[in-house]
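Report on the following structure.
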Amino acid sequence: MNSYRTHHCAQLRKPDIGQRVVLSGWVDARRDHGGLVFVDLRDREGVTQIVFDPQQIPESHDLRSEYVIRVEGEVAPRPEGTVNPKLVTGEIEVKAAQLCALNKSETPPYPLDEENVNEDLRLQYRYLDLRRRPMIANLRMRHRVTKIIRDYFDEQGFLEIETPMLFKSTPEGAREYLVPSRTNPGLFYALPQSPQQFKQLLMVAGVEKYFQIARCFRDEDLRADRQPEFTQVDVEMSFIGREDIYRVIEGMLKCIWKGAINHDLQIPLPRIAYQDAMNDFGADKPDRRFGIQLKDFTDTFRSSGFKVFAGAVASGGVVKAINAKGLACVTQGQIDLLTEQAKTMGAKGLAWIKVEGGAWKSPIVKFFSEAEKSALTERLVIEEGDLILFAADKWSAACEVLGKLRLTVAEMLQKMGKLNIPKDVFDFFWVVDFPLITFDPETQKYKATHHPFTAPVDEDIPLLDREPTKVRGQHYDLVVNGIELAGGSIRIHQADVQRKVFEDVLKIPKETAESRFGYLIKALGYGAPPHGGIAPGLDRIVALVCGTENIREVIAFPKNARAQDLMTGAPAEVEPRQLRELRIQTEGRRPQ
RNA sequence: GGCCCGGUAGCUCAGCAACCAGAGCAACUCUCUGUCGAAGAGAAGGUCGGGGGUGCGAAUCCCCUCCGGGCCGCCA
């Protein structure tokens with residue numbers, strides 16, 4: 001028998017009364033009555049109340065928060081009226097016969113039962129933070145989800161295969177973390193942004209069904225749902241099409257939601273086209289849990305007296321609007337903020353109408369004809385108290401601006417209590433029919449919407465040369481509640497098509513394509529099977545089932561917004577000797 | 001790189017030009033045999049993030065700067 005414990009701290013119940021037990025754990029709370037001392041003893045599983053008689057055990061007065069102790073004693077019923085219904089062990093207590101202090105503790109830098117504590121303090125003392133009940137629950141949930149995923153893919157005949165962390169730089173995508181090579185002075189590895197190319201090579205190798213709980217690295221700016229290192233459920237299959245991917249991933253989600261939070265997901269999931277998502281919600285990952293859909297008024301304003309709208313239409317653009325129901329109460333300051341937001345996204349301004357006191361209050365409404373007004377009233381269902389926002393621009397720009405404003409006004413309405421989004425709704429769906437390539441105005445070049453290995457939809461292949469932006473990719477995103485949870489595609493498996501995409505469509509010089517991706521094209525030439533895959537974000541999945549929006553809450557040791565580890569102090573300076581070995585010279589730290 | 005919010009005791013926060021900057025909790029000392037965020041008493045704890053400016057007077061107003069968080073850009 002283990003000498004530290006016979007039971008854990010959430011185990012003892014009424015039937016155990018009279019038993020001699022040993023418990024070990026941390027002092028969660030102490031209530032010293034002088035002639036009687038209560039201690040809530042906590043371990044990973046829960047809390048049990050210990051009662052000390054200080055006459056028998058005088059050291060019980062000296063216990064403090066987070067001391068580690070071993071207690072031997074007898075399970076006793078709590079006296080009439082002192083049962084604690086908040087604890088599963090609340091009907092019993094342990095009368096201590098022996099106390100052994102295994103370790104003392106410094107006074108914790110912040111109270112562990114406090115909900116709202118500065119996150120940098122929590123990150124600095126992460127080992128204490130993880131002792132808190134919600135954090136233990138999150139770690140446990142992550143373990144459970146990961147196990148469900150492994151079991152699921154195992155049952156489906158997948159092999160879990162590890163791929164290298166030290167990879168080659170492929171600067172097309174996200175900024176990479178570079179690792180200098182000592183044995184090849186002056187040369188660098190890159191940490192993978194994802195195991196994309198290796199999993200395709202595994203398909204060429206004939207693995208057929210691969211998955212991996214894979215760590216990925218991206219040296220980009222952080223967000224609440226973005227860490228520099230994060231985990232993907234990386235999946236790839238051979239001899240399949242898009243439908244097979246949907247089926248496998250939907251099955252995985254159903255198992256996770258059932259096993260983690262006992263929630264029954266309805267599958268198959270709905271699918272919406274990229275074009276429709278943009279038209280109706282102004283986003284390729286729309287949050288459909290609330291209405292406020294975009295409406296198109298391009299035809300209404302084609303020959304309008306309001307030249308801003310008519311002009312936008314004349315130059316090939318569109319006019320779109322949303323109705324923020326009940327938001328006419330916004331202040332001018334808030335309108336200015338919304339305008340500012342629209343401008344940062346490239347809009348020249350923001351046209352709006354407040355419906356207040358039975359009148360349309362707006363600087364532009366005087367330009368509108370009666371026909372235009374009635375079209376707006378009818379199609380936007382305008383009523384007293386509404387706020388209408390317009391965008392007139394190129395199709396994609398107008399959609400994106402209103403899509404972002406839609407999220408902002410929904411947030412404002414939520415804060416005012418005028419919009420309620422239930423917590424337990426999971427609106428899952430697939431977004432499909434993305435354009436294969438997009439024109440990037442910044443570089444004035446075509447670039448892959450997803451990545452350059454994505455296969456075009458078969459019947460669109462003839463358009464590759466003539467109208468490349470019309471070509472749809474066999475790409476799919478999994479979206480839930482406005483969050484992109486996964487993205488993937490059917491890949492190009494013919495070397496000549498892959499070469500054509502690199503050289504003719506993306507205009508990557510032949511030599512560059514060869515040096516960066518030559519091994520992949522070469523591999524495709526040796527009998528690559530048709531294949532495709534997807535990569536759901538594990539951190540986001542776990543955050544969803546834990547009910548948090550911040551993935552730092554479901555990562556044991558996350559980085560802060562500057563990608564620093566506040567506990568260990570990484571990143572840090574290194575010894576000059578280390579740099580010499582790597583033949584690296586630095587300019588030192590950037591002066592602050 | 002841009003915008004927004006925040007920084008006052010160990011923690012959470014109040015104070016937002018005028019007694020000497022406060023409260024709750026924690027820590028410390030003491031009292032107490034049925035508490036469960038124990039209670040009561042006492043004593044202690046502050047470069048008001050830092051620097052500069054305006055004022056008779058600044059935690060409070062202005063400027064600069066540092067730190068934390070959120071968002072935009074960025075994330076093939």
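Numbered from 1 within each chain, the chains take letters A, B, ... in sequence-line order.
Applying the 3.5 Å distance criterion, the base of rC36(B) shares a donor-acceptor pair with the side chain of Arg78(A). Taking 3.5 Å as the limit, the base of rG73(B) and the side chain of Asp221(A) contain a donor-acceptor pair of atoms between them. Put simply, the side chain of Lys404(A) and the base of rG73(B) share no donor and acceptor less than 3.5 Å apart. One N or O donor and one acceptor, one from the side chain of Gln49(A) and one from the base of rU35(B), sit under 3.5 Å apart. Side chain Arg223(A) to base rG69(B): no donor-acceptor pair is found below 3.5 Å. In this model, no side-chain donor or acceptor of Arg218(A) finds a partner on the base of rC75(B) within 3.5 Å.
Look at NZ on Lys343(A): it is 18 Å from P on rG73(B), rounded to the nearest Å. The distance from atom CG of Leu36(A) to atom P of rU35(B) is 10 Å, rounded to the nearest whole Å. Following rounding to the nearest Å, Arg31(A) (CZ) and rU33(B) (C1') show an atom-to-atom distance of 14 Å. In this structure, CG of Asp225(A) is placed 14 Å from C1' of rG69(B), rounded to the nearest angstrom. Residue Asn550(A) contributes atom CG, which lies 6 Å from atom P of rG70(B) at whole-angstrom precision. Rounded to whole Å, the distance from CD on Gln55(A) to C1' on rU33(B) is 10 Å. A straight line from CZ of Arg226(A) to C1' of rC74(B) spans 7 Å, rounded to a whole angstrom. Following rounding to the nearest Å, Glu220(A) (CD) and rG1(B) (P) show an atom-to-atom distance of 14 Å.
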Applying salt bridge (charged side-chain N to carboxylate O under 4.0 Å, His left out) to Glu553(A) and Arg122(A), what does each step give before you reach the verdict?
CA-CA 11 Å; Glu553(A) 298 294 305; Arg122(A) 294 178 51 203; 3.2 Å; yes
Derivation and outcome, side-chain hydrogen bond (donor to acceptor under 3.5 Å, both in side chains), residues Thr339(A) and Asp336(A)
CA-CA 5 Å; Thr339(A) 306; Asp336(A) 291 345; 5.0 Å; no
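A side-chain donor-acceptor contact under 3.5 Å links Asn84(A) to the backbone of Lys86(A). Here the side chain of Arg78(A) pairs no donor or acceptor atom with the backbone of Glu93(A) at under 3.5 angstrom. With hydrogens and angles disregarded, no donor-acceptor distance shorter than 3.5 Å links the side chain of Thr548(A) to the backbone of Leu544(A). Arg42(A) places no side-chain N or O within donor-acceptor distance of the main-chain N or O of Cys9(A), the cut-off being under 3.5 Å. Looking only at distances, no side-chain donor or acceptor of Arg472(A) sits under 3.5 Å from a matching main-chain atom of Pro456(A).
In this structure, Asp40(A) and Ala224(A) both approach RNA chain B, and ranking their closest nucleotides by distance from the 5' end singles out Asp40(A). Toward the 5′ end of RNA chain B lies the nearest nucleotide of Val117(A), the other residue of the pair His61(A) and Val117(A) mapping further downstream.
Closest contact between the side chain of Glu119(A) and the listed nucleotides rU35(B), rG69(B), rC72(B) involves rG69(B). Among rC11(B), rG68(B), rG34(B), the nucleotide with an atom closest to any side-chain atom of Leu121(A) is rC11(B). Side-chain proximity of Ala29(A) to rG34(B), rC36(B), rA38(B): nearest is rA38(B).
Nucleotide rG68(B) has rC5(B) as its partner under the Watson-Crick or G-U criteria, with both atom distances under 3.5 Å. rA41(B): Watson-Crick or G-U partner is rU29(B), with both key distances under 3.5 Å.
Among the protein residues, Pro109(A) comes within range of the sugar-phosphate backbone only, with heavy atoms under 4.0 Å from sugar or phosphate atoms but none that close to a base. Across all strands, Asn118(A) comes closer than 4.0 Å only to sugar-phosphate atoms, never to a base (heavy-atom distances). Heavy atoms of Lys285(A) sit nowhere under 4.0 angstrom from any nucleic acid atom. Tyr110(A) comes within 4.0 angstrom of the backbone, heavy atoms only, and of no base. The residue Glu400(A) sits apart from the nucleic acid: no heavy atom pair falls under 4.0 Å. No engagement by Leu337(A) is indicated, since no non-hydrogen atom pair under 4.0 Å with the nucleic acid exists. Within 4.0 Å (heavy atoms only), Arg516(A) reaches no atom of the nucleic acid at all. Nucleic acid contact class of Thr170(A) (heavy atoms, under 4.0 Å, all strands): none.
An aromatic stack links His33(A) and the base of rA38(B), using centre distance under 5.5 Å and interplanar angle under 30°.
Atom CZ in Phe52(A) sits 11.0 Å away from atom CG in Leu36(A) (nearest 0.5 Å). With rounding to the nearest 0.5 Å, the separation of CG in Asn481(A) from CG in Asp287(A) is 6.0 Å. For the atom pair OG1 (Thr408(A)) and CG (Leu337(A)), the distance works out to 10.0 Å, reported to the nearest 0.5 Å. To the nearest 0.5 angstrom, Gln124(A) atom CD is 10.5 Å from Met567(A) atom CE.
A sub-4.0 Å separation between OP1 or OP2 of rG68(B) and a side-chain N or O of Asn560(A) is present. Phosphate proximity of rG68(B) to Gln124(A): absent, as no side-chain N or O sits under 4.0 Å from OP1 or OP2. OP1 or OP2 of rC67(B) lies within a sub-4.0 Å distance of a side-chain N or O belonging to Arg562(A).
Taking atom P on both nucleotides, rC16(B) is separated from rG22(B) by 14 Å, rounded to a whole Å. Between the C1' atoms of rA23(B) and rU65(B), the separation comes to 32 Å (whole Å). As rounded to the nearest Å, rC28(B) and rG10(B) have P atoms that lie 15 Å from one another. Comparing the same atom, P, in rC64(B) and in rA21(B) gives a spacing of 29 Å after rounding to whole Å. With both ends at atom P, the span from rG15(B) to rG70(B) equals 25 Å, rounded to whole Å. rG55(B) and rC62(B) have their P atoms separated by 16 Å, given to the nearest Å. rG24(B) and rA39(B) are spaced 12 Å apart, taking the P atom of each and rounding to whole Å.
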Protein and nucleotides 45-50 of chain B: nitrogen or oxygen contacts under 3.5 angstrom:
none

Under 3.5 Å, which N/O atoms of the protein pair with N/O atoms of nucleotides 24-29 of chain B?
from    : atom 1 : to       : atom 2 : distance (Å)
rC28(B) : OP1    : Arg64(A) : NE     : 3.2
rC28(B) : OP2    : Arg64(A) : NE     : 3.4

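The aromatic rings of His451(A) and Phe453(A) sit tilted, their planes meeting at an angle between 30° and 60°.
Within 90° of 0 lies the glycosidic angle of rG55(B), which makes this nucleotide syn.
For Arg499(A) and Phe517(A), the positive end is not near the middle of the six-membered ring at less than 6.0 Å and at most 45° from its axis.
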